[in-house]
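Every chain is numbered from 1 and lettered A, B, ... according to where its sequence line falls, protein lines coming before strand lines.
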Amino acid sequence: MTTQTTTEPADAAAPERSDFIRDIVAEDLRSGKHTTIVTRFPPEPNGYLHIGHVKAIALDFGIAQETGGRCHLRFDDTNPVKEEQEYIDAIEADIRWLGFDWGEHLYFASDYFEQLYAWAVELIRTGLAYVDDQSAEEIRATRGTLTEPGVASPWRDRSVEENLDLFARMRAGEFPDGSRVLRARIDMASPNINLRDPVLYRILHTTHPRTGTDWRIYPMYDFAHGQSDAIESVTHSLCTLEYEAHRPLYDWLLDHLPVPSRPRQIEFARLNLTHTLMSKRALRTLVQDGHVRGWDDPRMPTVAGMRRRGFPAQGLRDFVAMVGIAKADNIIEVGMLEYAVRSVLNRTAQRRFAVLDPIKVVIEDYPEGQVELMEVPNNPEDPTAGTRQVPFSRELWIERDDFMEEPAPKFFRLAPGREVRLRAAYLVTCIGVIKDESGRVVELRCTYDPATRGGDAPDGRRPKATLHWVSAAHAVPAEVRLYGHLFRSADPGALDDPIADIDPESERVLTGCQLEGSLAELPVGETVQFERLGYFCKDPDSASGAPVFDRTVTLKDTWAKVQARG
RNA sequence: UGGCGAGUGGCCUAACGGUAAGGCACCUGACUCUGGAUCAGGGGAUUGAAGGUUCGAAUCCUUCCUCGCCAGCCA
């Protein structure tokens, strides 16, 4: 996994655009319904966080921050067969990296198992829950359909005593998995299927990451979530749309249990991105079947993947803020994410020279063995970033793309007889082209104008193009991985076989790239701009002397657009 | 089909009965030692449809259409 660091805290006083949830919260504060707002982010530790979670995290923690309230991190660990400590650790690290802090408020639904059990007993006592001996198949078969009511279980009217006894024995581990469940006694004919005597507890003889073998029965999500919220005095329990149909059950349980507070569940639309799959199940498939390098593959929409790719936390936060919160299903163009990332990187990333597809240039009239140090700004957008010295010599690498033997109409770069500027160095003119037997250009011969040192011509000559370059003798060779969208289709989720839609070109590995020497010591995880090419982040696969860079995102490329238009 | 929810330019989102706003994308131009950045400007919406209420409707009412979610002992 990528190395983890903590970023600067999320902007406490960023001007927030409002949304329907913040409106509700503001009204609850205004009316005096609440004086302190408490939210919670409730991940299940069964996978890695993705950009969709970032939206929820920014909402939950953001509202707490804006209102001077608090946001709890609560792991929804009610299903030990799927959950692991590894995920708990990764999730905490991801949230910290994103710049959010839960302070002392780290909780686990499993912390409440004893209380939850007591409440289940309470429900049995009041005749609102019963132990059902039916099998899972029988329960499914008698639940009814969307249009037909369900059929009551033959065990629905057991005595309170018998229910109490059976439930205690379920807890004691007397019965095998699947042999019995505790069900709420609500309404088998409810038009809302979630209210047709939902299962509250199931028997699971599994070791839980936190409670070990203390429990043989585990509460279902529905029986844990609302009560956990109530225990923690959560005021606004924000979740995604698919829980809308569960809200009546959420409320029913709170109505029938002596809970200490009354939280309110509000649902919003989850985030979807074009050219991306977002479900944990889908992401797990990509990882397990080896379609990507892992959960932190730079093409993954996971926080870990985006971090490895070089997306700054600020960019992720900006992006979700830009997208907003609403109830309409949506699928956001990835371009918006890229815009947000590019926008912060433009302000913060240092510039460097790197030649990805090198072609040799020999400055014929430049003294052999001479080396000059050219002063280059580290970030034109930020003068405080200073400058660095870049060695210039007789033999250089430039980008193969930056030369055309027969220049196309709007091509401004190097061509035979044409003069261009080498960034922060000299104006050079191409006077010769050397080809191999196959006719491929292997070297360019140029002359330079000594009067233009630094890049300015005393006579005011202004070449139409400025090229980046790397001194051949000082270059460090590297591998560079170019990333694009994992899926060709804008909406791969709608496809029968999304895997077949994976773009084999979504990762292109370039070797033999030539980097400016200063890049050799760049720490892993750092993102810089390769001038004129894009932003690149040093990948953890780097070895000493053998750096690997991942392309975070390209620069806006109008020339590419012109070319594409023909 | 039962219940619930949602439909506003290509994509997001706002407008909370007062005459459709903003971002992304797109197109022009200016500027530029990154064909980057920046700046200026532009095109593009009869607000899913049809009725109705109102001086006035994206907002209220009716009907219809489309899409999403729900029939795990997952969350």
Side-chain angles (χ1 to χ4, degrees), chain A residues 17-20 23 42-44 46 76 78-79 81-83 132 134-136 139-141 143-150 177-183 190-196 198-204 217-218 220-222 224-225 239-248 267 269 271 274 280-281 319 322-340 342-343 346-347 351 353 376-377 380-381 410-413 421-425 427 454-456 462-468 490 529-534 554-562:
Chain A
R17 187 168 54 174
S18 196
D19 53 66
F20 79 98
D23 288 348
E44 183 190 15
N46 70 341
D76 231 320
T78 56
N79 186 1
V81 327
K82 290 186 172 177
E83 298 153 5
D132 193 344
Q134 292 184 113
S135 67
I139 289 178
R140 190 189 326 115
R143 187 150 23 224
T145 68
L146 296 179
T147 50
E148 305 158 277
D177 287 9
S179 58
R180 282 176 232 262
V181 292
L182 183 74
R183 288 230 257 172
S190 173
N192 181 343
I193 294 180
N194 295 302
L195 260 22
R196 317 239 264 229
V199 171
L200 267 22
Y201 269 90
R202 74 290 215 187
I203 299 169
L204 251 28
I217 55 173
Y218 291 90
M220 298 286 290
Y221 164 86
D222 286 308
H225 207 95
C239 61
T240 44
L241 255 23
E242 64 269 27
Y243 291 98
E244 215 154 15
H246 291 249
R247 179 154 32 92
E267 313 84 14
L271 173 67
T274 57
K280 280 186 189 173
R281 191 198 63 76
F319 168 66
M322 219 183 314
V323 157
I325 300 289
K327 292 194 75 162
D329 290 322
N330 61 77
I331 172 157
I332 289 138
E333 294 174 346
V334 265
M336 211 186 285
L337 208 209
E338 287 160 7
Y339 167 85
R342 211 181 261 131
S343 158
N346 177 50
R347 280 179 266 127
R351 317 281 125 130
F353 292 164
V376 186
E381 299 296 311
K410 284 177 180 164
F411 183 84
F412 305 144
R413 285 110 93 152
R421 172 166 39 229
L422 293 181
R423 166 123 239 238
L427 267 46
D456 283 311
R462 299 167 77 182
K464 292 197 76 174
T466 298
L467 274 36
H468 61 278
Q529 183 193 105
F530 288 175
E531 286 209 30
R532 303 207 305 134
L533 299 174
T554 60
L555 253 25
K556 216 164 68 182
D557 190 346
T558 26
W559 166 241
K561 205 173 284 179
V562 169

Trainee: Distance check needed: B:C69 C1' versus A:L241 CG, whole Å only.
Mentor: 7 Å

Trainee: Considering Watson-Crick and G-U wobble pairs with both distances under 3.5 Å, what does B:A57 pair with?
Mentor: none

Trainee: Searching all strands shown, indicate the nucleotide that pairs with B:C24 (Watson-Crick or G-U wobble; both distances under 3.5 Å).
Mentor: B:G10

Trainee: Verify, without hydrogens or angle tests, whether A:T240 (side chain) and A:E242 (backbone) share a donor-acceptor contact under 3.5 angstrom.
Mentor: no

Trainee: Distance between the P atoms of B:G9 and B:A58, in whole angstroms?
Mentor: 14 Å

Trainee: When the C1' atoms of B:A57 and B:A50 are considered, how many whole Å apart are they?
Mentor: 15 Å

Trainee: C1' atom, B:G43 versus B:U38: distance in rounded Å?
Mentor: 22 Å

Trainee: Please measure how far the P atom in B:C61 lies from the corresponding atom in B:G5, and state the result in whole Å.
Mentor: 13 Å

Trainee: Let me know, please, whether A:I331 or A:R202 comes out on the 5' side of the other along RNA chain B by nearest nucleotide.
Mentor: A:I331

Trainee: Check for a donor-acceptor pair, side chain of A:N192 on one end and backbone N or O of A:A245 on the other, with a separation under 3.5 Å.
Mentor: yes

Trainee: Just checking A:D23: base, sugar-phosphate only, or nothing, at a heavy-atom cut-off of under 4.0 Å?
Mentor: base

Trainee: Roughly how many Å is it from OH in A:Y243 to P in B:G68, rounded to a whole number?
Mentor: 20 Å

Trainee: Find out whether A:E338 and A:T554 are in side-chain contact, i.e. whether some heavy atom of one side chain is under 4.5 Å from a heavy atom of the other.
Mentor: no

Trainee: Using whole Å, report how far CZ of A:F412 lies from P of B:G36.
Mentor: 11 Å

Trainee: Classify A:R180 by what it touches in the nucleic acid, base, sugar-phosphate, or nothing, heavy-atom distance under 4.0 Å.
Mentor: nothing

Trainee: Check the orientation of A:H246 and A:Y221. Use parallel for under 30°, tilted for 30 to 60°, and perpendicular for over 60°.
Mentor: perpendicular

Trainee: Could you tell me whether A:L146 contacts a base, only the sugar-phosphate backbone, or nothing, with contacts defined as non-hydrogen atoms closer than 4.0 Å?
Mentor: base

Trainee: Answer yes or no: side-chain N or O of A:N46 and base N or O of B:C74 forming a donor-acceptor pair under 3.5 Å.
Mentor: no

Trainee: With a non-hydrogen cut-off below 4.0 angstrom, is A:V199 in contact with a base, only sugar-phosphate, or nothing?
Mentor: sugar-phosphate

Trainee: Syn versus anti for B:G43, judged by chi lying within 90° of 0?
Mentor: anti

Trainee: Have a look at A:E531 and say if it touches a base, only the backbone sugar-phosphate, or nothing, with a 4.0 Å heavy-atom cut-off.
Mentor: base

Trainee: Begin with the C-alpha distance, continue with both residues' side-chain angles, and end with the deciding distance and a verdict on side-chain contact (heavy atoms from CB on, under 4.5 Å) for A:Y243 and A:H225.
Mentor: CA-CA 11 Å; A:Y243 291 98; A:H225 207 95; over 6 Å; no

Trainee: For B:U38, does the base pair up with any side-chain atom of A:E381 as donor and acceptor (N or O, under 3.5 Å, distance only)?
Mentor: no

Trainee: CD of A:E242 versus P of B:G5: gap in Å, rounded?
Mentor: 16 Å

Trainee: Does the structure show A:W559 stacking with B:G35, if we require the centres to be closer than 5.5 Å and the planes to be within less than 30 degrees of parallel?
Mentor: yes

Trainee: What nucleic acid atoms does A:T145 come within less than 4.0 Å of, heavy atoms only: base, sugar-phosphate, or nothing?
Mentor: base

Trainee: Categorize A:Q529 for me: base, sugar-phosphate, or nothing, with a 4.0 angstrom heavy-atom threshold over every strand shown.
Mentor: base

Trainee: State the pairing partner of B:A30; accept Watson-Crick or G-U wobble contacts with both distances under 3.5 Å, and report none otherwise.
Mentor: B:U38

Trainee: Please name all residues satisfying side chain to side chain donor-acceptor pair (under 3.5 Å) with A:R342, sequence neighbours left out, ordered by chain then number.
Mentor: none

Trainee: Heavy atoms only, 4.0 Å cut-off, all strands: where does A:F319 land among base, sugar-phosphate and nothing?
Mentor: nothing

Trainee: Between A:L533 (CG) and B:G36 (C1'), how many Å, whole number?
Mentor: 11 Å

Trainee: Would you kindly compare A:D329 and A:E244 by the position of their nearest RNA chain B nucleotide and give the one closer to the 5′ end?
Mentor: A:E244

Trainee: Select base, sugar-phosphate, or nothing to describe what A:S135 touches, counting heavy atoms under 4.0 Å on all strands.
Mentor: base

Trainee: Within this structure, what is the CD1-to-C1' distance between A:I193 and B:A71, rounded to whole angstrom?
Mentor: 4 Å

Trainee: Please give the distance between the C1' atoms of B:G17 and B:G22 as a whole number of Å.
Mentor: 22 Å

Trainee: How is A:P380 classified with respect to the nucleic acid when contacts are heavy atoms under 4.0 Å: base, sugar-phosphate, or nothing?
Mentor: base

Trainee: Please encode protein proximity along nucleotides 25-30 of chain B as a string of B, S and -, counting only heavy-atom distances under 4.0 Å.
Mentor: SSSS--

Trainee: Let's test your reading of the model: under 3.5 Å, does the base of B:G72 pair with the side chain of A:R140 as donor and acceptor?
Mentor: no

Trainee: Check step by step if side-chain contact (heavy atoms from CB on, under 4.5 Å) holds for A:I332 and A:L271.
Mentor: CA-CA 8 Å; A:I332 289 138; A:L271 173 67; 3.2 Å; yes

Trainee: P atom, B:A6 versus B:G42: distance in rounded Å?
Mentor: 36 Å

Trainee: Who are the salt bridge (Lys or Arg N to Asp or Glu O under 4.0 Å) partners of A:R247, not counting sequence neighbours?
Mentor: A:E267

Trainee: Is there a Watson-Crick or G-U wobble partner for B:G5 with both distances under 3.5 Å, and which nucleotide is it?
Mentor: B:C67

Trainee: Give A:R421 one of three labels, base, sugar-phosphate or nothing, depending on what nucleic acid heavy atoms sit under 4.0 Å from its own.
Mentor: base

Trainee: Quick one: does A:Y218's side chain get under 4.5 Å of A:N79's, heavy atoms only?
Mentor: no

Trainee: Which value, in whole Å, describes the distance between the C1' atoms of nucleotides B:C64 and B:G7?
Mentor: 14 Å

Trainee: If the P atom of B:G41 is compared with that of B:C24, how far apart are they to the nearest Å?
Mentor: 14 Å

Trainee: Per the side chain to side chain donor-acceptor pair (under 3.5 Å) rule, which among A:R423, A:H468, A:R351 passes with A:E531?
Mentor: A:R423

